Amino acid sequence: MLANLLIGLREGLEAALVIGILVAYLVKSDRRDMLRWVWSGVAGAIAVSVGVWALITFTANGMDDEGQEIFAGLLSLGAVALVTWMILWMRTAARTLRADLGGKLDAALIAGPAAVVATAFLAVAREGVETALFLWSSMRADGNTVPGALGAVLGLGLAVGLGFLIYRGALRINLATFFTWTGVALIAVAAWVLAYGVEELAEAGVIPEVEWLIPVLALGYAAVMAYLFFRRGSARPPVLARVGSPGTVAR
């Protein structure tokens, strides 16, 4: 449950902050007329993310036991690869994320409503699809338990609430510290999902079943990721200070 709560909270807050940046940019630019198109893109991204989750679940449920093991193993490895890239990318890209989104939104405003929808959709769908894949793999590794599902829902709900409060200036939080330590925790969760994926493939006979291989891979992944993560320095995460309401975000 704790792992799923962490995934929902971390990934959900990233998406919430991205939405907040887009909305705040339009408000500050006095282009409130375009807000509905941003929200249309956000709604589409959420629908696609839920659809990816449903498609994965439906596909897995239609397979026999061996097929499910292979499918879950491969998908878990894919989820780990995607999360690995996102963790390292956010570690450095967060410094310029607000400026990058603002630049894309400026270009979209010139192109028209469809471009604004596409900009919001792509920015949020990236987070949403990653969350769907990672949560599915984590819940599968956890045995698809009810507490695991509740943890995911609770984490996403907390992310939405925190994102709204931060945007409104009603909450001061050191986002640099938050994203650093949740990033470390996500690395640990990713190592656990990696171990699960390899174990499923071994049980299905896709790869040799060697007892010492799984813990070595998991620990090796965690060690390498920790090194790369901290080597990139304390990049500042995307924040909404000076963009939303008069409130600021503590750094």
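These figures come from a predicted structure and were not determined experimentally.
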Kindly work out whether a path of hydrophobic side-chain contacts (I/L/V/M/F/W/Y, heavy atoms less than 4.5 Å apart) joins [X] to [Y].
X    : Y    : value
L219 : Y221 : no
V210 : L201 : yes
V216 : L77  : yes

- Task: Keeping the roles fixed (side chain from N61, backbone from T57), state whether a donor-acceptor pair exists under 3.5 Å.
- Result: yes
Does a side-chain heavy-atom distance below 4.5 Å link [X] with [Y]?
X    : Y    : value
V80  : Y196 : no
F134 : L82  : no
F230 : T180 : yes
V184 : W181 : yes

- Item | Full working for salt bridge (charged side-chain N to carboxylate O under 4.0 Å, His left out) between E14 and R10 | CA-CA 6 Å; E14 282 185 13; R10 162 68 189 241; 2.7 Å; yes
- Only one of M86, M225, E11 clears side-chain contact (heavy atoms from CB on, under 4.5 Å) with L186; which? E11
- Test Y167 against every option in V27, L162, L17 by the side-chain contact (heavy atoms from CB on, under 4.5 Å) rule and name the one that passes. V27
- Query: Are L217 and L213 close enough, and set up right, to give a side-chain contact (heavy atoms from CB on, under 4.5 Å), and what steps lead you there?
  - Reply: CA-CA 6 Å; L217 284 176; L213 178 62; 3.8 Å; yes
- Task: For the pair D33 and R31, find out whether any cationic side-chain nitrogen is under 4.0 Å from an anionic carboxylate oxygen.
- Result: yes
